[in-house]
4 protein chains.
Amino acid sequence: MRIGVLTSGGDCPGLNAVIRSVVHRAVADHGDEVIGFHDGWKGLLECDYRALDLDAVNGILARGGTILGSSRVRPEHLRGGVEQARGHVADLGLDAIIPIGGEGTLKAARLLSDAGLPIVGVPKTIDNDISSTDVTFGFDTAVMVATEALDRLKTTAESHQRVMIVEVMGRHTGWIALHAGMAAGAHAIVVPERPFDIGELTELVGKRFAAGKRFAIVVVSEGAKPREGSMEFDTGGTDVYGHERFAGVARQLSIELEQRLGKEARPVILGHVQRGGTPTAYDRVLATRFGWHAVEAAHQGRFGMMTALRGTDIVLVPLAEAVDSLKTVPVDRYLEAECVL
Amino acid sequence: MRIGVLTSGGDCPGLNAVIRSVVHRAVADHGDEVIGFHDGWKGLLECDYRALDLDAVNGILARGGTILGSSRVRPEHLRGGVEQARGHVADLGLDAIIPIGGEGTLKAARLLSDAGLPIVGVPKTIDNDISSTDVTFGFDTAVMVATEALDRLKTTAESHQRVMIVEVMGRHTGWIALHAGMAAGAHAIVVPERPFDIGELTELVGKRFAAGKRFAIVVVSEGAKPREGSMEFDTGGTDVYGHERFAGVARQLSIELEQRLGKEARPVILGHVQRGGTPTAYDRVLATRFGWHAVEAAHQGRFGMMTALRGTDIVLVPLAEAVDSLKTVPVDRYLEAECVL
Amino acid sequence: MRIGVLTSGGDCPGLNAVIRSVVHRAVADHGDEVIGFHDGWKGLLECDYRALDLDAVNGILARGGTILGSSRVRPEHLRGGVEQARGHVADLGLDAIIPIGGEGTLKAARLLSDAGLPIVGVPKTIDNDISSTDVTFGFDTAVMVATEALDRLKTTAESHQRVMIVEVMGRHTGWIALHAGMAAGAHAIVVPERPFDIGELTELVGKRFAAGKRFAIVVVSEGAKPREGSMEFDTGGTDVYGHERFAGVARQLSIELEQRLGKEARPVILGHVQRGGTPTAYDRVLATRFGWHAVEAAHQGRFGMMTALRGTDIVLVPLAEAVDSLKTVPVDRYLEAECVL
Amino acid sequence: MRIGVLTSGGDCPGLNAVIRSVVHRAVADHGDEVIGFHDGWKGLLECDYRALDLDAVNGILARGGTILGSSRVRPEHLRGGVEQARGHVADLGLDAIIPIGGEGTLKAARLLSDAGLPIVGVPKTIDNDISSTDVTFGFDTAVMVATEALDRLKTTAESHQRVMIVEVMGRHTGWIALHAGMAAGAHAIVVPERPFDIGELTELVGKRFAAGKRFAIVVVSEGAKPREGSMEFDTGGTDVYGHERFAGVARQLSIELEQRLGKEARPVILGHVQRGGTPTAYDRVLATRFGWHAVEAAHQGRFGMMTALRGTDIVLVPLAEAVDSLKTVPVDRYLEAECVL
């Protein structure tokens, strides 16, 4: 068998572990040939690739980033390139393509699959917002990095008698904020799923100081927004490419809370450290299993599918289902925890 | 409501996170009173306890160990103490007892539950061998610690051109060996579920050197044993308390492999570092959710049950089922990975 | 002997290690009594303190922050409080005061020492800018945290083909930027000691891309500023308390570099994570030695002095010298490394 | 200029950082050519090497091990090879050789230097026992790894109410034990510099239990030995190559202490994890500076010298002095700390 693999979209710890696992399973166990396309779909469209043998993936299991490079391709660009892709797949004699990527990548995968190309997807997002899998690799690493930062910030907040507003990743969903906030014992967690009321948040933090505590930690997803009319808010708008810009919610929240509480408040924006570097053991195992099962799916001819974790099992789910809807934090269920606003 | 909580058995990262979560949910949300028994079942039998208010659990979320202490009690001792326990529960006016512990603790919990005491168990084992839950807290931390050690040992093994035999925890099951081995890219993984053949193992490692590699990493569970007749083996026997002693499998394997391969081989026994210290974010979240749900179960009168993870949900399972059988590594499923012997 | 200890100024990993060491050496070895003033000089001025016995410092060696609390006191406020302080010292029967703090604290210490109070100072600053000691505790931890973040950002920068501008602490000196940048292999390091020329910096980074590299990491101290006329720059000004505000140099640099290079550039501001949390082993050892030697100095009546590291020895230097001048990065010496602008 | 570099002896975090720094300074700044000999002196004797350009050292700064490989060569073997070495140096047109290694390597370096070869040594030992430099790279990483393990073991020891005997590296000197023990707050530290009296050690630990504490941590160097007649002791002897074997001091101590104290005692042998893997920021900076200065020394023709750290400066010291005597722990100075026996 001849398999093409590519990585697309933002960086995510575990990408190299999937690539390595695909190569190990395909080459060492099945005697397949594997090639890797450079810079995501771009490599497929421009037929830019290299052979991946066992030596090529030596020592990459624990390395962050992707040895294949990545890029974002506009959907319309890919739509116009289906015939090109089909031609390159035929020319290269590929029996299967394994794209590793997030929501956009999987939508593109579905497009090509519907057009008849032999695709097995592997989901990737540090945000953990893909509904048909229990977890995606990269998420555990992001939560770990955010939790370690929160652990450090706690002693500083306490020493300085401050409110710390810590902004973590999560444009549309609050999973990283929820898990890192729970893991570090944050005093309030603000997620995009439910616009926050600045008055309620102030009250929640204020109660803590009223009870004699000297500091508070608020974790907020980058995509969180206030309830309409709750406070003035610069929504960020869109950049020149039409992508949503971040609103800088932590910065705006800290100014507002400082005034309302009469306590020093400081924003900390964790940023890209959450998506780079060596993956946790959990993410390496999950990524390795995804790669292994993607190769098996290819050998069984189960195309148009995507690997997913269900409980302790790796299963295959149709790409069509995979990208149907975002997996959001069930705010109501967590509401009683009294810290998600 | 008045709730008693205790921790029993070996150390496990996340114990304090459960205690804190029980207190937070019970005291802050339900207005309950919580007491903590000292040193496991011993505290219940001897009525040795202290009150646990919110201040008592301040700052313990990320701390290893258990603020309540722990100890091992012989089953027969507990069996003889059922009436005593019942008396103390009545005297203290307890509506629920939440024991946090491993297989032995849960068996004891079942005994007391069958005797009519209001028990909600919380499973705990770094070995991850309890069959009715997808994962137990402490396991992720143990795997992380073992993986970090393996990452470090790899460069050393390579520089010294050696075989490193790394012994990880796991008396009866190989989950830690399997996950840490996969996460670190070990070249062979030896688990208790399948007695190893020293000849096969030698061949597997030997092939690697024959292919020009300069080192190899073998991960072995402390409870692994050779196939009968495969090699001479000191099985360790039992100590003065009748507990199984470790055989020192890494040490014996390294001597044997060194002779058979003609390559320097060194044992490394990771030992207790795997079960102490701050839990990973994953374990803190799981432990926190277990504590929260144990309190809910108590309030719903669902006694004789144990918290468990199924997929992304926390569910309750009967204590009777929980301790029926060990969850073992399905060696056949992993056999094709070619590294589990 | 009766000793008072206090911590003043910003948070710094190792403060608790000094406190513990002072108490261990004084109480356990010399049979002294130790009290801790709350919230820095404020505690001395308001006679707000508590007794510190061995139990009080149990388990704090590895903990970030300070169990005594800290605050900043305006110099004029302290100057006006000298007689008050003298009175409290007499009332409490103190034979020595050990203030642990940065430049401002040591200046205050000198003031009180000149007024006749028995002071032994312990220097503290994550910035490492105190000239009379080779190193201060807290610096190694700050560098470690920044280096770990840089390690993670490198893979992300590479995957996204970006310039990352990483802002680290250092208002007046570039030690953290220099060491973290060297440790992580940054491609340019920008420090406050030498105003940068945006043209030179653009050229340096541009050469890298011209040579076929796909990313670059620039480390910049928060206090770095462009050479006059080099680029438009919002200098930050001062806040309502008259303190210097940060200019947001990484943000401004990334906008400027993006335009000049035509490459995506992103700022990452590490912020307070650099000054909180558990100290490195290095900082714990240094802090412990400082505490030990401060007690010895007190017993030898060597007041008006400060502990300092010289090579591998802890020595005492006059407070007068200690705060004479900042220790700055000798930019010329590092210039040849071609990455400090 | 044409420079040869080699790494010799046991693994040590920072070796790759030196190699990278030598190449960067020599190739990028001076326009030199650099070659790397494989497997230490062996590579020089057998003229086994490869060219090292900038690409060859890309990404190795943070990587453990050595890309050049290492091996141990017997002194007499090297002595017999001086003429061979001289020939290869001439044939290859080398103007300087930079060997990176420990005591044995530096002795060999001196031998070759005395024979007229142009040598600049770089000292390397995780044990920190080279007298003419304040610190060697690798030591900080070893101490950090040991300290993290001790941090984890503390909670386990406390939960199990045990004595933990933790064996760290250090054949002839106790620096790792001393620093890791201080950093983690060990209750006793046992070093090779002073044979321990088992009675005194038992008393020291016993006092702790008598004072109501529930656990104790003893850190012991692998090379520590009891005072003659103090207890029965298997000294380990020598292996087939005549090298000293380890006595397994932690194992023997734990058996003895368990019997004398009537408390459970357990040995933990940290082993090779202390010398592998990614270096700390401190070690990366030190290694980088050593490499940089070794190249400068070569360009200045200062042969027969070795780089060394003195305070904050890198200086050159004669190889002759460098290996004169071991730097040992000044036990008397630390005796008052009451934990070094």
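Chain identifiers are assigned alphabetically (A, B, ...) following the order of the sequence lines, protein sequences preceding nucleic acid strands; residue numbering begins at 1 within each chain. Below, all heavy atoms of this structure are taken into account, side chains as well, without hydrogens, waters or symmetry copies.
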Atom group of B:Thr278 that falls short of 4.5 Å from chain D, counting heavy atoms:
both
Could you list which of residues 138-146 of chain B have a heavy atom closer than 4.5 Å to any heavy atom of chain D, in residue-number order?
B:Thr141, B:Met144, B:Val145
For D:Val273 against B:Ala149, the heavy-atom pair lying closest together:
CG1-CB, 3.6 Å
Please classify the contact between D:Gln161 and chain B as side chain, backbone, both or neither, with a heavy-atom cut-off of under 4.5 Å.
side chain
So what's closer than 4.5 Å to chain B heavy atoms on D:Ser71: side chain, backbone, both or neither?
neither
Could you list the residues that satisfy side-chain contact (heavy atoms from CB on, under 4.5 Å) with D:Ala265, not counting sequence neighbours?
D:Val163, D:Ser254, D:Glu258
Using non-hydrogen atoms only, which part of D:Ile269 is less than 4.5 Å away from chain B: side chain, backbone, both, or neither?
backbone
Between D:Arg214 and B:Asp39 (salt bridge meaning N to carboxylate O under 4.0 Å), is one present in this structure?
yes
Among residues 57-66 of chain B, which residues come closer than 4.5 Å to chain D, judged by heavy atom distances?
B:Gly64, B:Gly65, B:Thr66
What residue in B:Glu148, B:Arg275, B:Glu158 has the most heavy-atom pairs under 4.5 Å with chain D?
B:Arg275
Do any pairs count as a ring pair (Phe, Tyr, Trp, His ring centres under 6.0 Å) and have a residue in residues 260-282 of chain D, sequence neighbours left out, and if so which ones?
C:Tyr282-D:Tyr282
